[in-house]
Amino acid sequence: QVQLVESGGGLVQAGGSLRLSCASSGSTQSILGMGWYRQVPGKQRELVATMNNDGIKNYLGSVKGRFTISRDNAKNTVDLQMNSLKPEDTAVYYCYTWTVLIPSTYWGRGAQVTVSS
C-alpha cells in the first residue's frame, strides 16, 4: 500500500498563489505516477494535473499556464504550484497516485483551497 499526506492549501485572494505538497510512504517503489484531483461539493472529482515516472505531465485545460506540477522522485513527493488563482479554483484538492499494486490507486485525505473574490 501507499500512504499519501497533503500539506499546504488555505485561503487566498483571487490572483494569489498557493503551493500544495504531498508526501508518500509505504510501497513507493511501486508508484507509476502521481498527481492532483479536486472536488467541489455536489460535483464529480476532476483531474487537475498528473505526472508519470517518465516526466510526462497532463493538465486540466482550465489550469494550463497557471498551475505547475512537479515531483521529487528521490523523496517521493509531488507538488502543485498554483498561480493566478480564481474563485472557481476553490475546492478540496486530493493527492493521488497510481501503482502496480492491487488496488492500484491511492488517495490522500484532501486539502482545502479557498479563493476569495
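Remember, predicted model here, so these are calculated numbers, not experimental data.
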Legend entry - Backbone of Ser27 reached by a side-chain donor or acceptor of Ser30 within 3.5 Å: yes

Legend entry - Heavy-atom side-chain contact between Val100 and Leu32 under 4.5 Å: yes

Legend entry - Ser104 side chain vs Leu101 backbone, donor-acceptor pair below 3.5 Å: no

Output a table of donor-acceptor pairs, distance under 3.5 Å, between side-chain atoms of residues 58-67 and any protein atom two or more places apart or on a different chain; print 'none' if there are none.
{"from": "Tyr59", "atom 1": "OH", "to": "Ile69", "atom 2": "N", "distance (Å)": "2.9"}
{"from": "Arg66", "atom 1": "NE", "to": "Ser62", "atom 2": "O", "distance (Å)": "3.3"}
{"from": "Arg66", "atom 1": "NH1", "to": "Ser84", "atom 2": "O", "distance (Å)": "2.9"}
{"from": "Arg66", "atom 1": "NH1", "to": "Asp89", "atom 2": "OD2", "distance (Å)": "2.8"}
{"from": "Arg66", "atom 1": "NH2", "to": "Ser62", "atom 2": "O", "distance (Å)": "2.9"}
{"from": "Arg66", "atom 1": "NH2", "to": "Asp89", "atom 2": "OD1", "distance (Å)": "3.1"}
{"from": "Arg66", "atom 1": "NH2", "to": "Asp89", "atom 2": "OD2", "distance (Å)": "3.4"}

Inset, instruction - Tell me, yes or no, whether the heavy-atom count around Gln29 atom CD, taken from other residues, nucleotides or ligands under 6.0 Å, exceeds 12. - result: yes

Legend entry - Side-chain heavy atoms of Thr90 within contact of Val113, under 4.5 Å: no

Inset, instruction - Find out if a path of hydrophobic residues (ILVMFWY) with successive side-chain heavy-atom gaps under 4.5 Å connects Leu80 to Val115. - result: yes

Legend entry - Sequence-distant partners of Arg45, salt bridge (Lys or Arg N to Asp or Glu O under 4.0 Å), two or more places apart: none

Legend entry - Cluster overlap Met51 with Ile31, hydrophobic side-chain contacts below 4.5 Å: yes

Legend entry - Gly33 backbone acceptor or donor facing Thr97 side chain under 3.5 Å: yes

Inset, instruction - Please name all residues satisfying salt bridge (Lys or Arg N to Asp or Glu O under 4.0 Å) with Glu46, sequence neighbours left out, ordered by chain then number. - result: Arg38

Inset, instruction - Check each of Val78, Asp72, Asn73 against Lys75 using the side chain to side chain contact (heavy atoms under 4.5 Å, CB included) test, and report the only one that passes. - result: Asp72

Inset, instruction - Assess the side chains of Thr114 and Gln112: does a donor N or O sit below 3.5 Å from an acceptor N or O? - result: yes

Inset, instruction - For the residue pair Thr77 and Arg71, establish whether any side-chain heavy-atom pair is separated by less than 4.5 Å. - result: no

Legend entry - Linked, directly or transitively: Leu47 and Val92 (ILVMFWY side chains, under 4.5 Å): yes

Legend entry - Within-4.5 Å side-chain heavy-atom neighbours: Asp79 and Cys22: no

Inset, instruction - Please name all residues satisfying side chain to side chain contact (heavy atoms under 4.5 Å, CB included) with Thr105, sequence neighbours left out, ordered by chain then number. - result: Tyr96, Trp98, Trp107

Legend entry - side chain to side chain contact (heavy atoms under 4.5 Å, CB included) between Tyr93 and Met82, intermediate numbers included: CA-CA 12 Å; Tyr93 284 70; Met82 303 181 290; 4.0 Å; yes

Legend entry - Partners passing side chain to side chain contact (heavy atoms under 4.5 Å, CB included) against Asn83 (at least two apart in sequence or in another chain): Ser17, Gln81

Inset, instruction - Answer with yes or no whether the hydrophobic clustering places Trp36 together with Val2; edges join I, L, V, M, F, W, Y residues whose side-chain heavy atoms lie under 4.5 Å apart. - result: yes

Inset, instruction - First locate atom OG1 of Thr28, then atom CD of Gln1, and finally report the distance between them rounded to the nearest 0.5 Å. - result: 13.5 Å

Pairs under 3.5 angstrom only: tabulate donor-acceptor contacts from the side chains of residues 4-15 to other protein residues two or more places apart or in another chain.
{"from": "Glu6", "atom 1": "OE1", "to": "Arg109", "atom 2": "N", "distance (Å)": "3.1"}
{"from": "Glu6", "atom 1": "OE1", "to": "Gly110", "atom 2": "N", "distance (Å)": "3.0"}
{"from": "Glu6", "atom 1": "OE2", "to": "Cys95", "atom 2": "N", "distance (Å)": "2.9"}
{"from": "Glu6", "atom 1": "OE2", "to": "Gly110", "atom 2": "N", "distance (Å)": "3.0"}

Inset, instruction - Give a yes or no answer on whether the side chain of Ser24 reaches the backbone of Asn76 with a donor-acceptor pair at less than 3.5 Å. - result: yes

